[in-house]
**Q** 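I am attaching a structure below and will ask some questions about it afterwards.
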Amino acid sequence: MTHPSDDPTDDRFVNRLFEAARAQPEPVPADLFARMLADAAREQPRAALAPSSVWAMVVQMLGGRGALAGLGAAAACGLALGFMIPVDLMPEPTVDLFPVAEGLIALLDAGA
Amino acid sequence: MPQMPFDRLDTTSDDGLLALFASGDPIAARVLMQRHLPRVLGFARRTLGEAAEAEDVAQDAFLRLWRIAPDWKPGQAQVSTWLWRVVANLCIDRLRRRGRSTALDDAPEVADDAPGALAGLIATDRAAALDAALLELPDRQRQAVILRHIEGLSNPEIATILEIGVEAVESLTARGKRTLTARLAPLKEALGYDTSF
């Protein structure tokens, strides 16, 4: 087994070797750096895209494309209900607002 | 997101850089690599004694860092410590696969009369002599010595990286340094050192 060195210069000598190693940064091969940058680019989460137009800003303000689709569907349903509801169920002022619906229902009745 | 100027990134904390990377900054990864890659690569090379394997380990460690970046909790751990630990473990895994890893507790000290494969190397290159002597240490002892005496980390930092107690680190570094000194001291003159310094 090793015996502790009694010579203080031995310790200083090894410390010099450590200092020299510490002072010499490890060279990084350029191809390794490039490979690792490619890894980083591949693994990087995609940044949220900034709106590119007024329309994109509006879409984003309304909650994105999904929310906009839902909003459109809800609007279409509301419109359809407005046209299809039986006139008898509508309050009088509303019937006045939907003369087209009355005509449409009359047409449907005639068809049946 | 807008790209931060490079000089601003250069003074940004590691946590900040990792957050920027996770939010899509294209430069943050480069700065993190410039900051940490040389040291962890050197650590891996000295631990494994193999430049190509060390490159694989460093690449693997950073790949893991990029993957955890979105979930990184700033302040919970240091990026550098995390990297050192991953590299240390990847190196040990490789050494185990080679079948030459030595358990922490049964690490033998080097015999006085061990022949020097070392002696042949030493004649010309001090760095090579140190690296060769390091490779003769048991794996964990070698890692502790490199982290303490070459990378200049504190014993508590090394304890965190190697996932052992501070006392174990003190023991590993003391034994490792003693063995290195016994191995290298006879070569002082051959390496061109003035024995009077």
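Residue numbers start from 1 in every chain, and the chains themselves are labelled A, B, ... in the order their sequence lines are given, proteins ahead of strands.
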**Q** Which residue out of B:Leu37, B:Leu65, B:Leu63 racks up the most heavy-atom pairs below 4.5 Å with chain A?
**A** B:Leu37
**Q** Donor-acceptor pair, A:Asp11 side chain versus B:Thr181 backbone, under 3.5 Å?
**A** no
**Q** For chain A, which candidate among B:Ala29, B:Ala127, B:Gly42 shows the most heavy-atom pairs at distances under 4.5 Å?
**A** B:Gly42
**Q** With a 3.5 Å distance limit and no angle check, can you tell me whether A:Glu26 reaches the backbone of B:Val40 through a side-chain donor-acceptor pair?
**A** no
**Q** How are the rings of B:His149 and A:Phe18 set relative to one another: parallel (under 30°), tilted (30 to 60°) or perpendicular (over 60°)?
**A**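 Aromatic pair B:His149/A:Phe18 classed parallel.
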**Q** How many angstroms lie between CD1 in B:Ile146 and OG1 in B:Thr173, if you round to the nearest 0.5 Å?
**A**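 So the gap between those two atoms works out to 12.5 Å.
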**Q** Can you tell me which of B:Ala51, B:Pro38, B:Gly152 forms the most heavy-atom pairs within a distance under 4.5 Å of chain A?
**A** B:Pro38
**Q** Between B:Asp60 and B:Arg64 (salt bridge meaning N to carboxylate O under 4.0 Å), is one present in this structure?
**A** yes
**Q** Find the one option among A:Arg35, A:Gln24, A:Gln44, A:Arg42 whose heavy-atom pairs under 4.5 Å with chain B are most numerous.
**A**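 The candidate making the most pairs under 4.5 Å is A:Gln44.
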**Q** Using non-hydrogen atoms only, which part of B:Arg45 is less than 4.5 Å away from chain A: side chain, backbone, both, or neither?
**A**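 Answer is side chain: those atoms of B:Arg45 sit under 4.5 Å from chain A.
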